[in-house]
2 protein chains.
Amino acid sequence: MKHIAESTVRRLSRYLRFLEDFEAQGHQTISSGALAAQGGTTSAQVRKDLSFFGSFGKRGLGYSVSALSTRIREILGLGRTWNVIIVGAGKIGAALAQYRGFRDRGFHVMSVYDADPARIGRALDGVIIRDQKELESDIARLKPDIALLAVPGDVAQPLVDRLVKSGVRAILNFAPAPLQVPEHVTLRSVNMALELEILSYELVNKRT
Amino acid sequence: MKHIAESTVRRLSRYLRFLEDFEAQGHQTISSGALAAQGGTTSAQVRKDLSFFGSFGKRGLGYSVSALSTRIREILGLGRTWNVIIVGAGKIGAALAQYRGFRDRGFHVMSVYDADPARIGRALDGVIIRDQKELESDIARLKPDIALLAVPGDVAQPLVDRLVKSGVRAILNFAPAPLQVPEHVTLRSVNMALELEILSYELVNKRT
DNA sequence: CTCTGTGAACATCTTCACAGCT
DNA sequence: AGCTGTGAAGATGTTCACAGAG
């Protein structure tokens with residue numbers, strides 16, 4: 001299939017969230033315009049986004065809410081449970097381990113790792129914090145799909161290397177460090193300080 | 001000035017981080033190529049990004065590390081302290097309150113708010129959690145520049161409305177909800193579940 | 001008549017390539 | 001010779017506008 005822009009995938013996620021609300025309200029169909037209004041985009045954008053994956057709508061009518069949300073879930077790969085491990089049980093790792101939004105979307109936290117003996121053995125929302133020394137053997141056994149990395153910047157790259165070597169194929173990084181991964185591994189980074197810096201830029205360069 | 005793309009601002013932040021490391025190592029000058037290698041981009045991109053704001057380099061030589069980092073800090077509005085409040089002292093709010101990366105960049109957390117009596121009065125990294133009822137009066141008094149919103153999705157919009165009404169001009173939202181703000185308020189959202197969903201999409205649609 | 005699906009026009013962002021300082 | 005600064009070309013993403021299905 002043709003390459004899909006990340007911005008399109010982002011919007012699909014948002015459409016899905018709204019479709020679920022809309023379905024809960026008992027609606028059967030929805031037009032591209034209604035979907036657009038919610039997501040802060042245009043009806044043309046919605047139709048274009050969906051058209052990359054097929055034609056799900058009925059002209060004159062709109063889209064079946066349930067059929068469309070099922071289809072988007074399929075497209076996004078949310079029709080299954082993803083097994084996740086979290087590396088780093090500091091403040092951010094702990095927050096992630098207990099974040100409801102993950103569970104609700106089929107992301108299952110299998111285990112959490114840390115190097116600090118004071119943390120190892122404790123439970124975070126039912127998941128025991130394990131010694132990072134167990135990482136390699138646990139990954140071999142548990143075969144997680146995704147690793148969340150929430151450690152200080154200076155230890156991030158060595159941990160990424162260990163994760164990659166152990167066979168992890170996807171990493172969501174929260175450490176404020178630029179990381180290198182081989183071609184076959186997918187890496188995404190969320191950097192909260194950077195988001196604040198963009199806000200800072202926008203504040204000093206205020207539109208009117 | 002011409003409108004600058006967000007992607008450009010993002011890259012400037014990354015260049016700055018690398019410039020600081022580079023400066024600490026005692027280097028005087030740096031070429032666009034070296035900056036690019038670090039940020040995972042190209043030398044042409046670096047030069048183009050910088051050219052929007054002026055000509056800081058010397059042909060044949062490169063850029064002065066210290067002059068360039070100072071200039072980028074100015075561009076991003078990081079030459080000052082930004083006062084920040086955090087609304088929501090749950091797991092994410094608490095993690096944000098104690099996040100070092102903010103302090104290091106001149107973002108100063110003035111206060112944290114919550115509605116839960118069990119949390120009010122406790123301290124997070126030296127900052128006392130205050131009752132959300134005090135929001136309006138505190139904002140009038142403290143005049144924070146930025147509010148971080150880390151509350152459940154269903155109470156996010158009412159809180160945004162209160163923040164906006166009290167005069168907050170910039171909000172960084174961590175709640176998984178689509179929010180509305182008036183034209184003059186800057187809103188950015190970070191949605192961690194959405195990042196995982198993009199990863200999910202990339203996993204099921206693996207490149208080769 | 002309504003609302004989708006989509007090629008074509010438009011806008012935006014990135015890369016190229018080279019003139020021009022140092 | 002080395003490296004910047006920048007128009008121009010190319011690639012990518014968004015909006016328009018309309019044919020056509022229901």
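Below, chain A is the first sequence line, B the second, and so on; all start at residue 1. As a basis for the values below, the full set of heavy atoms in this structure was taken, side chains included, without hydrogen atoms, waters or symmetry mates.
Rounded to an integer number of Å, the gap from CZ of B:R47 to C1' of C:dC21 is 14 Å. Atom-to-atom, CG of B:L68 to P of D:dG5 comes out at 10 Å; the value is rounded to the nearest Å. Here the C1' atom of nucleotide C:dT6 and the CZ atom of A:F53 are 16 Å apart, to the nearest Å. The distance between atom CD1 of B:I4 and atom P of C:dA11, rounded to the nearest whole Å, is 19 Å. Taking atom CZ of B:R59 as the reference point, atom C1' of D:dT4 lies 5 Å away to the nearest angstrom. One atom, NZ of A:K48, and another, P of C:dG7, lie 7 Å apart when rounded to the nearest Å. For B:K58 and D:dG5, the NZ to P distance is 10 Å, given to the nearest whole Å. Put simply, CZ on A:F56 is 8 Å from P on C:dG5, counting in whole angstrom units.
For A:A5, the listed nucleotide lying nearest its side chain is D:dG13; candidates were D:dG2, D:dG13, D:dG20. For A:A44, the side-chain atoms get nearest to D:dA17 when compared with the rest of D:dA17, C:dC3, D:dG2. In this structure, of D:dT15, D:dT6, C:dT15, it is D:dT6 that holds the atom nearest to the side chain of B:S55.
Within 4.0 Å (heavy atoms only), A:S7 reaches sugar-phosphate atoms of the nucleic acid but no base atom.
Judged by distance alone, the side chain of A:D114 and the main-chain N or O of A:A89 form a donor-acceptor pair under 3.5 Å.
A:D49 and A:Q45 form a side-chain donor-acceptor contact under 3.5 Å, judged by distance and modelled atom types alone. There is no side-chain donor-acceptor pair under 3.5 Å between A:D21 and A:Q25. With no hydrogens or angles considered, a side-chain donor-acceptor pair links B:R47 and B:S32 at under 3.5 Å.
Of the charged side-chain nitrogens involved, none lies within less than 4.0 Å of a carboxylate oxygen, so that B:E74 and B:R80 do not count as a salt-bridged pair.
Phosphate proximity of C:dT15 to B:T42: present, with a side-chain N or O under 4.0 Å from OP1 or OP2. Proximity of A:S31 to the phosphate of C:dC3: no side-chain N or O atom is located under 4.0 Å from OP1 or OP2. For the OP1/OP2 pair of C:dG5 and a distance below 4.0 Å, the side-chain nitrogens and oxygens of A:Y63 include at least one atom meeting the criterion. Remark: B:Q45 is not in phosphate contact with C:dC13, judged by side-chain N or O atoms under 4.0 Å from OP1 or OP2.
Nearer to the 5' terminus of DNA chain D, by closest-nucleotide assignment, is the contact made by A:D49 (compared with the other of A:L61 and A:D49).
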